[in-house]
Amino acid sequence: MALVNEHFLQLSENYLFAEIAKKVNAYKVLHPKQKIISLGIGDVTQPLCPAVIKAIHEATDEMTRPETFHGYGPERGYAFLRDAIIKNDFQPRGVRLDSSEIFISDGAKSDLGNIGDILRWDNSVAVTDPVYPVYVDSNAMAGRAGICQDGIWSDISYLPTTAENDFCPALPKRGIDIIYLCYPNNPTGTTLTKAQLEKWVKYALKEEALILFDAAYEAYIQEDGIPHSIYEIRGAKKCAIEFHSYSKTAGFTGIRCGYTVVPKEVAATTLSGQRVTLNHLWERRQSTKFNGTSYISQRAAEAIYTPEGKQQIREQIAYYMENARLMRETLTAMGLTVYGGVNAPYIWLRTPGKSGSWTFFEEMLYATGIVCTPGAGFGPSGEGYVRLTAFGSREDCLEAMERLKKWKL
Ligand code: PLP
């Protein structure tokens with residue numbers, strides 16, 4: 001008899017965005033003529049930049065000729081891309097990595113979800129709260145999260161990250177084995193300074209814990225003094241795995257490419273006390289369960305590191321960050337309290353009065369036709385906030401701000 005993995009049965013039926021879609025559909029039925037503007041879901045809207053498109057065309061042409069055709073690629077990804085990553089994303093920041101420490105992926109979500117395969121099911125886990133839901137749900141699937149009651153998992157340590165602590169979570173009170181950090185943060189749009197991140201690295205080294213650092217929004221950092229990689233912190237190579245994505249950096253949400261850094265020094269312990277390097281285990285896991293992201297996607301990603309590619313993606317990021325600036329300024333001028341939007345494409349808006357985040361979501365939808373994401377969907381400390389994204393077109397962003405200004409809050 002086949003038995004089901006019952007951990008899946010505890011996962012909430014209503015994935016956040018499915019619930020939002022349901023509520024938006026109900027609104028559409030009642031208001032068929034209203035144009036809805038989505039500042040909710042975190043997908044990009046601008047097309048791929050010309051350097052990437054050129055690389056995709058060239059790589060596609062290569063696939064048409066026997067002498068340049070590419071089948072299965074190298075297990076860690078093509079050397080041309082891993083070398084470009086080291087040269088452009090790490091060397092300029094004083095981080096030395098070997099290309100065998102880089103694993104090309106089909107995006108950060110898969111690797112963030114799969115990394116638990118190489119870690120025991122009974123490790124204790126901490127997440128900052130609110131948080132990108134994939135971290136908690138993937139641990140729940142593995143049986144690491146315990147029992148879920150009212151959306152809160154018994155074995156996950158939630159570290160409140162709110163305006164009250166300036167979005168800088170306190171270190172866990174008890175010893176934790178695995179810590180998820182995401183900076184710049186989705187959903188709050190906030191960052192940590194180097195000194196703040198240093199505390200986490202120190203903690204992890206002391207506890208022999210592992211930090212899973214999600215740097216998916218690193219390219220959006222505008223200010224100096226904010227680490228783009230956890231490896232800018234001394235000692236981090238001994239205790240952190242870092243996840244990168246080209247999805248938001250270069251509009252690759254539909255192309256699919258990212259990478260994960262597993263330094264040779266990072267290790268975890270067996271029950272008998274032996275330290276095991278995770279680089280080898282991750283390679284073993286990937287070579288069994290993953291057959292690489294396409295040659296065409298990897299050539300497309302390589303093009304981001306050419307001089308033209310760099311300039312073009314910088315312009316695209318500037319476009320989204322200008323949306324973020326317009327949103328921040330409009331909302332602040334309306335007397336609302338907003339966070340984020342300076343080093344990240346997300347605005348974290350405090351709901352006025354005592355409105356719950358789902359209530360405010362519906363009020364905004366019915367008053368303006370604008371969709372946001374209720375903060376409570378990202379964890380208990382997201383209650384009292386909503387997330388707005390800057391990934392829309394400029395026209396939509398401007399129209400949304402006009403509608404909001406007219407809304408007598
Ligand atoms: N990490 C964070 C924090 C995200 O917000 C997202 C996507 O929204 C991802 C990872 C996933 O990125 P990818 O498209 O590379 O799978």
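Just so you know, ligand 1 is whichever comes first in the structure, and atom 1 is the first atom listed for that ligand.
Using a 3.5 Å distance cut-off with no hydrogens or angles, the side chains of T190 and N185 do not pair a donor with an acceptor. For the residue pair K405 / T330, no side-chain donor-acceptor distance below 3.5 Å is found, with atom types taken as modelled. A donor and an acceptor atom, one from each side chain of N123 and R144, are nowhere located under 3.5 Å apart. A donor-acceptor contact closer than 3.5 angstrom links the side chains of S357 and E383.
Counting only heavy atoms of the protein, atom 5 (O) of ligand 1 lies nearest to Y217 OH, 2.6 Å. The protein non-hydrogen atom at the shortest distance from atom 11 (C) of ligand 1 is Y132 OH, 3.3 Å. Residue, atom and distance of the protein heavy atom nearest to atom 2 (C) of ligand 1 are D214 OD2, 3.3 Å.
In this structure, F80 and Y295 have perpendicular ring planes: the angle between them is above 60°, well past the 30° mark.
Under 4.0 angstrom from ligand 1, the non-hydrogen atoms of A216 all belong to its side chain.
In terms of N/O distances under 3.5 Å, ligand 1 is not approached by T253. When only interatomic distances are considered, the shortest N/O to N/O separation between S110 and ligand 1 does not fall below 3.5 Å. Not one N or O of Y346 is nearer than 3.5 Å to an N or O of ligand 1, by distance alone. Not a single N or O atom of C257, backbone or side chain, sits closer than 3.5 Å to an N or O atom of ligand 1. In terms of N/O distances under 3.5 Å, ligand 1 is approached by S247.
Distances below 4.0 Å separate heavy atoms of S245 from the following atoms of ligand 1: 12 (O), 13 (P), 15 (O). Counting atoms of ligand 1 from 1 in the listed order, those under 4.0 Å from a heavy atom of G107 are 15 (O), 16 (O). Taking every non-hydrogen atom of K109 and a distance limit under 4.0 Å, the qualifying atoms of ligand 1 come out as 11 (C), 13 (P), 16 (O). For ligand 1 and K248, the ligand atoms under 4.0 Å from any heavy atom of the residue are 7 (C), 8 (O). Close approach of ligand 1 to N186 (heavy-atom distance below 4.0 Å) involves ligand atoms 3 (C), 4 (C), 5 (O). Close contacts of ligand 1 with C182, meaning ligand atoms under 4.0 Å from a residue heavy atom, involve 3 (C).
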* Asked: How far apart are the C-alpha atoms of Y366 and Y27, what are their side-chain angles, what is the distance that settles it, and do they pass the ring-ring contact (aromatic ring centres under 6.0 Å, His included) test?
  -> CA-CA 7 Å; Y366 280 80; Y27 173 80; 4.9 Å; yes

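Between the side chain of E19 and the backbone N or O of G377, no donor-acceptor pair lies under 3.5 Å. Side chain of D396 to main chain of G392: no donor-acceptor pair is present (N/O by atom type, distance under 3.5 Å, no hydrogens or angles).
Exactly one residue among F360, F361, Y385 makes a side chain to side chain contact (heavy atoms under 4.5 Å, CB included) with T351. That residue is F360.
You'll find the side chain of K248 stays beyond 4.5 Å of the side chain of P345, heavy atoms only.
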